[in-house]
There are 2 protein chains.
Amino acid sequence: MAEQADKRQPVEAGGRGAENRERIVAAADRLFYEKGFQATSFSDIADAAGVPKGNFYYYFKTKDALLEGVIDWRRQCLKKLLSGLNAQYDDPRERLMTLLTGLCAGEDDIVRYGCPMGTLSAELCKTGHEMKEQAQSLLETIREWIATQLQAMGRDDAPEFAREILTRSQGVTLLAHAYGDHHLLVEEMARVRHWVTAVLDGQPH
Amino acid sequence: MAEQADKRQPVEAGGRGAENRERIVAAADRLFYEKGFQATSFSDIADAAGVPKGNFYYYFKTKDALLEGVIDWRRQCLKKLLSGLNAQYDDPRERLMTLLTGLCAGEDDIVRYGCPMGTLSAELCKTGHEMKEQAQSLLETIREWIATQLQAMGRDDAPEFAREILTRSQGVTLLAHAYGDHHLLVEEMARVRHWVTAVLDGQPH
DNA sequence: GTCTATATGGGGATAGAC
DNA sequence: GTCTATCCCCATATAGAC
């Protein structure tokens with residue numbers, strides 16, 4: 001189940017195969033997000049990626065292996081996002097607020113498809129998929145990063161505070177998705193930021 | 001799509017057919033909750049309900065019709081719950097706090113399968129199912145009830161406040177489900193209640 | 001490495017005996 | 001109203017030519 005990972009070595013070697021592999025992962029990533037994991041068929045992915053169905057069993061032996069590739073891909077994107085924030089700002093508070101603002105960046109996507117991490121976790125948990133822990137670890141990664149920023153601000157309630165920020169953000173995206181309400185997303189996320197600001201400025205929470 | 005509803009007339013007539021229909025709905029309700037809608041097959045339901053597969057096409061022409069029956073069933077349960085609270089308490093605040101406490105009642109279920117309304121909405125929205133609005137209306141029903149209680153307490157921010165309570169509750173259940181963490185559920189729900197109490201007692205929010 | 005043709009299984013749904 | 005046998009389709013997955 002973890003053996004597929006090493007197959008990714010030739011990615012940087014620059015062969016056409018690497019391009020194909022990445023195309024498949026990128027297409028699957030998008031479709032798993034838009035339609036969900038179960039509802040996405042190989043045909044869907046093949047069409048989207050422009051790669052014949054049969055071919056990509058060469059890259060991924062099973063659909064689960066493909067899911068693993070997609071989760072790894074999302075993990076890399078997330079890591080890149082967070083380390084980007086680390087590099088861009090020195091002030092941990094600025095980092096955090098930028099993240100919270102950025103969560104609304106893909107506004108339409110979130111309204112239409114929900115949070116990529118939250119919805120995937122929910123689906124995999126419900127179906128009892130073996131890879132649910134991997135999806136959960138994406139959420140945990142972001143929670144830890146938030147906690148790190150809070151700790152850098154000298155807060156001793158960093159872990160719980162971070163958890164609550166994540167909780168509220170997930171609640172907002174879930175409802176915005178369920179209601180298909182763009183306005184709800186923007187307004188409630190602003191409310192979350194306002195609350196974080198107030199707490200950081202000394203209000204008890 | 002709505003024609004199946006009138007089939008429910010004979011339910012109270014007390015024939016064996018009515019029992020069967022209810023058994024099917026009850027089994028489907030439970031399985032849709034535990035495994036999700038897509039992942040639940042007719043065979044699963046047939047086994048659980050003790051009714052042969054072929055038979056229940058007599059009651060539901062399609063899987064979607066069955067889903068509609070399940071959503072109606074959940075709506076009735078929800079209505080019963082809320083009117084029960086209305087009858088049990090005169091004080092709207094007591095009603096609200098009882099509801100918020102009760103949300104943790106099925107603790108283990110929530111940790112394992114999430115919120116019945118939230119997870120169903122998420123799944124139907126993601127797959128673009130025609131019945132997503134029906135699922136959404138379950139959430140809306142509960143939000144309206146909360147708003148009604150808040151308004152009865154004389155709050156002029158009732159609609160937004162109710163929405164935020166729902167948002168936070170959904171966030172808590174989503175994370176508790178994703179993490180499979182019983183402790184998280186209890187603790188964060190207590191935090192939500194604490195926050196509601198504080199706001200009701202005059203703290204700005 | 002690439003792609004076509006195909007196997008296999010399980011899903012929803014139907015026909016029709018009882 | 002009840003239940004069995006069966007159909008069809010589409011999904012994942014494989015075999016093997018190129």
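Side chains included, hydrogens not; waters and symmetry mates left out as well; all remaining heavy atoms used. The structure presented is a predicted model; accordingly, all values stated were derived computationally and were not measured. Naming: A, B, ... by sequence-line order, numbering from 1 per chain.
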>> Going by ring-ring contact (aromatic ring centres under 6.0 Å, His included), name the residues that satisfy it together with B:W145, two or more places apart in sequence or in a different chain.
In response: none

>> I need the full list of ring-ring contact (aromatic ring centres under 6.0 Å, His included) pairs touching residues 93-123 of chain A, with sequence neighbours left out, sorted by first then second residue.
In response: A:Y33-A:Y113

> Looking at residues at least two apart in the chain, or sitting in another chain, which of them share a side-chain hydrogen bond (donor to acceptor under 3.5 Å, both in side chains) with A:E188?
Replying inline: B:R163

>> Looking at B:R30 and B:D109, is any side-chain nitrogen of the basic one under 4.0 Å from a carboxylate oxygen of the acidic one?
In response: yes

>> Can you list everything that forms a ring-ring contact (aromatic ring centres under 6.0 Å, His included) with B:Y89? Sequence neighbours excluded, please.
In response: none

For nucleotides 16-18 of chain C, list the nitrogen or oxygen atoms of the protein found under 3.5 Å from its nitrogen or oxygen atoms, one pair per line.
none

> Taking only residues two or more places apart in sequence or in another chain, which ones pass side-chain hydrogen bond (donor to acceptor under 3.5 Å, both in side chains) with B:T119?
Replying inline: A:K126

>> Just to verify, what does B:F32 make a ring-ring contact (aromatic ring centres under 6.0 Å, His included) with, not counting sequence neighbours?
In response: B:F37

> Quick one, which residues of residues 32-49 of chain B touch DNA chain C with a heavy atom under 4.0 Å?
Replying inline: B:T40, B:S41, B:F42

>> In this structure, how many angstroms lie between the C1' atom of D:dG1 and the CD atom of B:E19, rounded?
In response: 13 Å

> Who pairs with B:N55 by side-chain hydrogen bond (donor to acceptor under 3.5 Å, both in side chains), at least two apart in sequence or on another chain?
Replying inline: none

>> Rounding to an integer number of Å, can you tell me how far B:F56 CZ sits from D:dT4 C1'?
In response: 14 Å

>> Output the rounded distance in Å from CG (B:N20) to C1' (D:dG1).
In response: 9 Å

> Quick one: A:H129 NE2 to D:dT12 C1', roughly how many Å, whole number?
Replying inline: 13 Å

> Given atom OH of A:Y57 and atom C1' of D:dA13, what is their separation to the nearest angstrom?
Replying inline: 4 Å

> Taking all atoms of both residues into account, what is the closest heavy-atom pair of A:I45 and A:I24, and its distance?
Replying inline: CG2-O, 4.1 Å

> Which nucleotide, D:dT12, C:dG1, C:dA13, lies nearest any side-chain atom of A:Y58?
Replying inline: C:dG1

> Within this structure, what is the NZ-to-P distance between B:K53 and D:dT2, rounded to whole angstrom?
Replying inline: 18 Å

>> At less than 4.0 Å, is any side-chain N or O atom of B:Y59 found next to OP1 or OP2 of D:dT2? Yes or no.
In response: yes

> Taking CG from B:L66 and C1' from C:dA13, how many angstroms apart are they, rounded to a whole number?
Replying inline: 13 Å

> Once you round it to whole Å, what is the distance between P of C:dA5 and CG of A:N55?
Replying inline: 15 Å

